[in-house]
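Only this structure's heavy atoms are used, side chains among them; waters, hydrogens and symmetry mates stay out. No experiment lies behind these values; they were computed from the predicted model shown. Whatever order the structure lists ligands and atoms in, that order sets their numbers, starting from 1.
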Amino acid sequence: MANANGKAATSLLEKISAKANPEADDATEIAGNIVYHAKYSPHFSPLKFGPEQALYATAESLRDRLIQLWNETYVHFNKVDPKQTYYLSMEYLQGRALTNAIGNLNLQGPYADALRTLGYELEEIAEQEKDAALGNGGLGRLASCFLDSMATLNLPAWGYGLRYRHGLFKQIITKKGQEEIPEDWLEKFSPWEIVRHDVVFPVRFFGKVQVNPDGSRKWVDGDVVQALAYDVPIPGYGTKNTISLRLWEAKARAEDLDLFQFNEGEYELAAQLHSRAQQICTVLYPGDATENGKLLRLKQQFFLCSASLQDIISRFHERSTTEGSRKWSEFPSKVAVQMNDTHPTLAIPELMRLLMDDNGLGWDEAWDVTSKTVAYTNHTVLPEALEKWSQSLMWKLLPRHMEIIEEIDKRFVQTIRDTRVDLEDKISSLSILDNNPQKPVVRMANLCVVSSHTVNGVAQLHSDILKAELFADYVSIWPNKFQNKTNGITPRRWLRFCSPELSDIITKWLKTDKWITDLDLLTGLRQFADNEELQSEWASAKTANKKRLAQYIERVTGVSIDPTSLFDIQVKRIHEYKRQLMNILGVVYRFKKLKEMKPEERKKTVPRTVMIGGKAFATYTNAKRIVKLVNDVGDVVNSDPEVNEYLKVVFVPNYNVTVAEMLIPGSELSQHISTAGMEASGTSNMKFALNGCLIIGTLDGANVEIREEVGEENFFLFGATADQVPRLRKEREDGLFKPDPRFEEAKQFVKSGVFGSYDYGPLLDSLEGNTGFGRGDYFLVGYDFPSYMDAQAKVDEAYKDRKGWLKMSILSTAGSGKFSSDRTIAQYAKEIWNIEACPVP
Ligand code: NBG
């Protein structure tokens, strides 16, 4: 009905009377409310009601309802005054919000009908929305899944983050490979956020420490910017509870503009503070190769911590004035602060500073409050990702915080000396400050472990590694501080809404849709895994999702893929430890073998479409070379008339949450093939498994637990185990490694220039030699390659047995209940935060 410029819709708009109605829940009222917003909350010129205008008006109509639920939620929290959790994260990968909000409020039908009366399909309107891509990868998406679960479980909680104007870059693929351009989600505006002009806090940078006559200390001078709150509503599923993701924006005040300088024609100078404030929230992860880049990143981290803690403290104070003064010692029984990785570590010295310098607490009292309030989640053991900040940079930007960190360190070291003589020689690695004169740094993970009441890893294997290796000596000091919280994903976005066909089948066979909030119920599918009727319904849902995916691939890449071929997907950030290189070398080998076959032999093979997607960090050269290689291999394979019926290779550009929602439901095999011990958890592995996709993978991260849950016969396992890795690296160094001929053949084939003239020498060289950074095959691609290829051969065999494959697929979904973020968050709430549900009546 709708046409491209929305002419038909514009005329329909005139036929429906505008009526503001935040509580609208039938199609007619909703349509009236949408029309109301199109006319009276206008953001566009009035004569047009195209899909874009329809999106904004629809979103605003929903926002009305969310605001109402949200107000009810916080009024209720205020009344009950429960302990609340504050989740501090530099990243959130929210993706689109429209379908999710409509789904969580259970208004699909009425919204679809309302839009139809206005000439649009709901899906078409949803397609208009841009992703809020304020994150990088798994860590950011985890934070977003957690918010969904916190709201759904009625937990009193807030998310805190930064309102990046451009978020993570947009990836485009050109002849040169990956190029980055700025993300534009705020180019117009986001209909979901609400600016709170009354929630503004000053945040200081630089300056100096002033010592008062009574000995107290105060941080003064320097630059002061303002943190302004923008709230994004997070509706729970099937509940009134709607919580807030509070994103801070940095601003300068009007009076910070130097009018005199401005009138002298010194425009840049006059608005210096304005432009410095603006830089803070321009992008996520600005390049940090330069000193300036490092300074900006540190500013971002401190800005998040300071604004959030001032907000948390002011909420605590508010109650004090209404109920008589509240004791600071009660703070930890009202406030839990969770640090998502080390990025918000500055919350520790900032809370100490606010308590001591602004609120007059003594050291011991402030330390008691702080260490009972903060908890830390570690998300990686990769040394390059464990943050270390230069001490001189920290002294320059945050002089008072450095004093506090020194004091924390001094007291910690003293306690060790007093109580643990056996650890004397470990002090240099346990201490927070690394005073190596070459490069004195602050070790943020150490600061977190020393100051937090609880430290957790994100999958069992990862938590075990933390305890046995990275934090082993701390474990001997505080044996009860360390926990595991295996990651999870929200079943709403990652099954119910992204694959409605499969969801309906599950609901039909389980005779209930309660699995959406109680994912363990999926085990009920096991008894039907062999049932022919279920299998045929399952197959038709998969086929529908594969066709939808094939259309998408054709639209964004121009490559036409066969929906009856095996869809094999690897999507995640491009990183050497994730071994996309092993995947593509496997493809190269397969291609070479197919070329060598006679036509009748080829006909006996299982046709495959390999899709690889993910962003490479802008300055990570080898990752970018991998992107280029995948694209080059794709160009050659896909245009080879002998082979392209049996093999296609697609690089899926600009992988993000929305692309994932398209890819995952259409997947049959997915690859989670990191070097064992290196992927802390992985979360897309859970999304794929939940959607009935089989995994080929190593015993790494959450793969271990997924395999346990879905059954080892439904998982294609290969590769070295984490405990073998050190020995294998050592053998390699000693020159004892003997490569498999298939591995040599694949590399040789790339070197021969079949895939174009780009110089892959440096990339392939990383797999050669016996030692040295970026050489010596640190990630053991060569060692694991033969078992990987064998596992791939098993995949092909298994796929030939349609029934057998469908059974495995059903069992995969059936075994995924554990990986709901509802389970994860319930465990955090009980075992770390000590908070309880506070449902709005
Ligand atoms: C990532 C890990 C993943 C894990 C996510 C979420 C960082 C620092 N770590 O394996 O690499 O799934 O965190 O926990 O982004």
Working for side chain to side chain contact (heavy atoms under 4.5 Å, CB included), residues Y237 and T152: CA-CA 5 Å; Y237 179 89; T152 300; 3.8 Å; yes

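By the 6.0 Å contact criterion, NZ on K467 is open, its count of non-hydrogen atoms from other residues, nucleotides or ligands being 12 or less.
In this structure H379 satisfies the ring-ring contact (aromatic ring centres under 6.0 Å, His included) test with no other residue, sequence neighbours excluded.
For atom 3 (C) of ligand 1, the nearest non-hydrogen atom of the protein is E679 OE1, 3.3 Å. Protein heavy atom closest to atom 2 (C) of ligand 1, with residue, atom name and distance, is H379 O, 3.4 Å. Here the protein heavy atom with the shortest distance to atom 15 (O) of ligand 1 is L139 CB, 3.5 Å. Scanning the protein heavy atoms around atom 4 (C) of ligand 1, the nearest turns out to be G682 N, 3.7 Å.
Here is the list of ligand 1 atoms found below 4.0 Å of a heavy atom in A680: 10 (O). Residue V458 approaches ligand 1 through these ligand atoms, each under 4.0 Å from one of its heavy atoms: 14 (O). For ligand 1, the atoms lying closer than 4.0 Å to a non-hydrogen atom of Y577 are 11 (O).
Only side-chain heavy atoms of N487 come within less than 4.0 Å of ligand 1; its backbone N, CA, C and O stay farther off.
Taking every heavy atom of both residues into account, D131 and G95 meet most closely at OD2-CA, 3.6 Å.
Partner of E679 under the side-chain hydrogen bond (donor to acceptor under 3.5 Å, both in side chains) criterion, chosen from K578, K572, H462: K578. No option in V725, T675, L728 other than L728 meets the side chain to side chain contact (heavy atoms under 4.5 Å, CB included) test with Y783.
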